[in-house]
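Okay, structure first, notes after.
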Amino acid sequence: EAGVVQSPRYKIIEKKQPVAFWCNPISGHNTLYWYLQNLGQGPELLIRYENEEAVDDSQLPKDRFSAERLKGVDSTLKIQPAELGDSAVYLCASSLWGGSVNEQFFGPGTRLTVL
Amino acid sequence: GQQVMQIPQYQHVQEGEDFTTYCNSSTTLSNIQWYKQRPGGHPVFLIQLVKSGEVKKQKRLTFQFGEAKKNSSLHITATQTTDVGTYFCAGGEKTSYDKVIFGPGTSLSVIP
């Protein structure tokens with residue numbers, strides 16, 4: 001079974017440039033999460049989708065970040081414009097919510113460096 | 001809002017020694033999950049605890065959920081170099097969609 005796929009794995013951009021990350025969750029998983037992880041810290045939720053609906057985007061900086069999950073499958077996270085402080089690893093995770101165990105399966109992440 | 005804390009932040013142990021990390025929530029949790037992240041890797045699910053006072057074991061790992069469902073611990077017996085990594089607890093808060101908040105993690109180093 002294929003795991004969560006993310007691309008690109010690494011991205012280096014200059015500040016004020018736009019950047020986009022893509023995530024394909026495990027087949028059949030209805031819940032998709034985007035997290036931001038800074039070095040030495042735990043994942044911080046940016047947005048959570050249940051199918052196509054964003055059920056929690058309270059921590060998403062909406063002035064520069066946007067996300068979509070068309071057709072309730074794969075998802076894109078965009079930053080425009082990027083700032084120096086956005087340098088971090090962006091993790092995508094998926095789960096099959098509604099079962100007894102809400103295990104999250106994480107992708108390898110995209111490491112973003114903003115110069 | 002809900003906060004999840006973990007101590008210690010770092011732990012260095014000699015191979016064969018035991019290790020424990022503690023997780024505390026500012027609110028009562030519906031469940032607690034534990035994840036392990038190897039250096040350069042991504043978090044991998046270890047276990048979920050749901051019941052008050054629950055204790056679960058996975059080989060050398062013992063997980064406990066507090067009676068008040070506000071704290072949890074992970075204990076590793078006789079650490080091995082393969083145990084190296086960062087251990088995160090993730091507290092589940094009962095909302096319409098089971099909100100989960102990750103703690104800052106405990107980084108474990110094992111000296112051979």
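No experiment lies behind these values; they were computed from the predicted model shown. Each chain gets a letter, A, B and so on, in the order the sequences are listed, and its residues count up from 1.
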Handout entry: Polar side chain donor-acceptor pair, Gln104(A) to Gln33(B), under 3.5 angstrom
Key = no

Completion exercise
Applying a strict 4.5 Å limit to non-hydrogen atoms, the region of Gln6(B) in contact with chain A is neither

Exercise for the section: Mark yes when over 12 heavy atoms from residues, nucleotides or ligands other than Glu14(A) sit less than 6.0 Å from its CD; otherwise mark no. Expected result: no

Problem - Neighbour count >12 (heavy atoms, 6.0 Å) for atom CZ, Phe45(B) - result: yes

Completion exercise
Okay, Glu44(A) and chain B: the region with an atom under 4.5 Å from a heavy atom over there is neither

Exercise for the section: Nearest 0.5 Å please: distance from the CD atom of Gln41(A) over to the OG1 atom of Thr86(B). Expected result: 11.5 Å

Exercise for the section: Can you establish whether the number of heavy atoms outside Lys62(A) located under 6.0 Å from its atom NZ is more than 12? Expected result: yes

Practice task
Drop me the distance from Phe106(A)'s CZ to Tyr35(B)'s OH, to the nearest 0.5 angstrom.
Solution key: 5.5 Å

Problem - Atom CG of Leu115(A) with >12 non-hydrogen neighbours under 6.0 angstrom - result: yes

Exercise for the section: Would you indicate whether Gln59(A), at its atom CD, is surrounded by more than 12 heavy atoms from other residues, nucleotides or ligands within a distance under 6.0 Å? Expected result: no

Problem - Closest approach of Phe102(B) to Pro43(A) (non-hydrogen atoms, all atoms of both residues) - result: CB-O, 3.5 Å

Fill in the blank from the handout: In terms of heavy-atom pairs under 4.5 Å with chain B, the winner among Thr31(A), Asn102(A), Val89(A), Leu91(A) is Asn102(A)

Exercise for the section: Please examine the side chains of Val100(B) and Tyr33(A), heavy atoms only from C-beta on, and report whether any two atoms are closer than 4.5 Å. Expected result: no

Exercise for the section: Spell out, yes or no, whether Ile76(B) and Phe63(B) are grouped together once hydrophobic residues are joined by side-chain heavy atoms under 4.5 Å, including indirect joins. Expected result: yes

Practice task
Spell out, yes or no, whether Ile101(B) and Tyr35(A) are grouped together once hydrophobic residues are joined by side-chain heavy atoms under 4.5 Å, including indirect joins.
Solution key: no

Fill in the blank from the handout: Smallest heavy-atom separation, Pro108(A) atom then His42(B) atom, equals CA-ND1, 4.0 Å

